[in-house]
Amino acid sequence: MPNVIAITDFSAPELDAFARLTERELLHCCEPGDGLFIAESPNVILRALDAGYEPVSLLMERKHIAGQARQVVARCGDIPLFTAELPVLTQLTGFQLTRGVLCAMRRRPLLPAEDVCKHARRIAVLEDIMNPTNLGAIFRSAAALGMDAVLLTPACCDPLYRRAVRVSMGTVFQIPWAYLGSEPADWPHPGLERLRALGFQTAAMALCDDSVSIEDPRLMQVEKLAIVLGTEGDGLCARTIADCDYTVKIPMSHGVDSLNVAAASAVAFYQLAVKRA
């Protein structure tokens, strides 16, 4: 049975994860453990539970306990469940809750890229993607359109930031991901060497004079392909482009020069995924 606690004191330390800790503070709040993150909405929380993440506490509108969050409540055992009406929760958290349900969950130790990519044939590599909305959208496309894993350079946004998790619709829990190193100096080298050691050829998505079309049949013949996407605005750095095996472009029309990185990722993943029956 849930341990239902009506919110009467905004300053209660048990509410810090929902009300006062920043994303970065959540990441480090359980040191030497692996920190916390916030999952938002019943479907996203259920996907996190399915992936084996451990719930710590819940925050939700009172009506959802026996309503749309009843499956979440049933699966979370007797952890604290803090509740109030929506205006109180909005005042507490500082934002409008999506479907009125939040769950604080424990992070898990990160796996090395080599483990995540052991059996992969198509992976996405994200260079310095810092916008959580774009990151979440890329994860959703990667999961839906045939990528086997996602790798991130050290400067990328954390995939477990609340907004990234929400925009991804919980697919950050469904597709394996890892960082290619922990320091900025780890990319593009030795990151690219690690990919090649795993058997991957690399395709830099960039509009250059020597870019090949995303429809080039040679790309589909590559046994293991890493699709490398660059940061919002500036795209991939010149050194990354120069050191990848292919430079690939999405043909444009009507004078449009480029797509948002999240939109470009969906096109690239759909075209370059291994076609399965």
Side-chain angles (χ1 to χ4, degrees), residues 3 5-42 44-45 47-49 51-61 69 72 76 79-84 86-112 126 128-139 150-173 177-184 186-187 231-232:
N3 177 20
I5 303 169
I7 296 172
T8 58
D9 179 8
F10 277 16
S11 65
E14 295 83 4
L15 297 173
D16 284 351
F18 302 109
R20 285 171 286 278
L21 296 182
T22 66
E23 301 277 14
R24 185 167 294 278
E25 288 169 338
L26 283 169
L27 177 60
H28 298 290
C29 70
C30 297
E31 291 182 334
D34 296 299
L36 300 176
F37 68 92
I38 302 296
E40 182 179 0
S41 86
V44 169
I45 295 167
R47 285 175 179 158
L49 293 171
Y53 285 90
E54 178 189 352
V56 174
S57 59
L58 288 159
L59 178 74
M60 69 181 67
E61 284 186 77
V72 170
C76 285
I79 65 172
L81 190 165
F82 299 100
T83 186
L86 184 59
V88 175
L89 298 182
T90 300
Q91 184 181 353
L92 173 70
T93 62
F95 58 86
Q96 188 78 26
L97 274 68
T98 299
R99 302 190 182 277
V101 183
L102 297 176
C103 185
M105 311 190 87
R106 294 194 190 282
R107 291 173 177 263
R108 299 192 306 207
L110 293 175
L111 295 173
L126 310 184
D128 301 356
I129 305 292
M130 293 173 277
N131 183 301
T133 298
N134 281 336
L135 193 79
I138 293 169
F139 263 86
V150 176
L151 300 183
L152 305 101
T153 64
C156 276
C157 165
D158 182 354
L160 295 185
Y161 278 3
R162 181 185 63 85
R163 186 167 182 81
V165 171
R166 180 168 66 82
V167 172
S168 82
M169 291 298 295
T171 54
V172 294
F173 309 123
W177 58 271
Y179 282 97
L180 272 168
S182 58
E183 302 294 335
D186 292 330
W187 180 264
T231 187
E232 303 88 350

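Model, not experiment: these values are computed from the prediction.
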Is the backbone N or O of Leu36 less than 3.5 Å from a side-chain atom of Arg106, with the two atoms forming a donor-acceptor pair by type?
no

Rounded to the nearest 0.5 Å, what separation is found between the CZ atom of Arg163 and the OG atom of Ser168?
12.0 Å

Heavy-atom side-chain contact between Val165 and Phe139 under 4.5 Å
no

Nearest heavy-atom contact between Ala69 and Val101 is CB-CG2, 3.9 Å

Separation between CG of Leu111 and CH2 of Trp177, rounded to the nearest 0.5 Å
9.5 Å

Let's go through Asp186 and Leu180 carefully: what are the C-alpha distance in whole Å and the side-chain angles of both, what is the deciding distance for side-chain contact (heavy atoms from CB on, under 4.5 Å) to 0.1 Å, and is it a yes or a no?
CA-CA 7 Å; Asp186 292 330; Leu180 272 168; over 6 Å; no

Which residue, Ile5, Val72, Thr83, forms the side chain to side chain contact (heavy atoms under 4.5 Å, CB included) with Leu58?
Val72

Enter the distance from Cys76:SG to Asn3:CG here, rounded to the nearest 0.5 Å.
12.5 Å

For Asp128 versus Ala155, what's the shortest heavy-atom pair and its separation?
OD1-CB, 3.3 Å

Before you tell me yes or no, could you show the steps for Leu89 and Leu102 under side-chain contact (heavy atoms from CB on, under 4.5 Å), namely the whole-Å CA-CA distance, both residues' side-chain angles and the distance that decides it to 0.1 Å?
CA-CA 10 Å; Leu89 298 182; Leu102 297 176; over 6 Å; no

Less than 4.5 Å apart, any side-chain heavy atom of Ile38 and any of Phe18?
yes

For Arg166 and Tyr161: C-alpha separation, side-chain torsions, deciding distance, then whether side-chain contact (heavy atoms from CB on, under 4.5 Å) applies.
CA-CA 9 Å; Arg166 180 168 66 82; Tyr161 278 3; over 6 Å; no

Where do Pro55 and Cys103 come nearest, in terms of heavy atoms and distance?
CB-SG, 3.7 Å

If I take atom OG from residue Ser41 and atom CE from residue Met60, how far apart are they, to the nearest 0.5 angstrom?
11.5 Å

Nearest heavy-atom approach of Thr231 to Ile129 is CA-CD1, 3.7 Å

Measure the spacing between OH of Tyr179 and CG of Leu151 and express it to the nearest 0.5 Å.
11.5 Å

Roughly how far apart are Asn131 CG and Cys157 SG, rounded to 0.5 Å?
7.5 Å

4.5 Å side-chain heavy-atom contact, Leu160 and Val172:
yes

Under a 3.5 Å distance rule, please check whether Glu23 uses its side chain to pair with a backbone N or O of Arg162 as donor and acceptor.
yes

In this structure, which one of Leu49, Ile45, Val44 forms a side chain to side chain contact (heavy atoms under 4.5 Å, CB included) with Phe173?
Val44

Closest non-hydrogen atoms of Arg107 and Asp158, given as atom of the first, atom of the second and distance, are NH2-OD2, 2.5 Å

Criterion side-chain contact (heavy atoms from CB on, under 4.5 Å) on Glu40 and Thr93, from CA distance to verdict:
CA-CA 12 Å; Glu40 182 179 0; Thr93 62; over 6 Å; no

What residues, two or more places apart in sequence or in another chain, satisfy side chain to side chain contact (heavy atoms under 4.5 Å, CB included) together with Arg20?
Leu15, Asp16

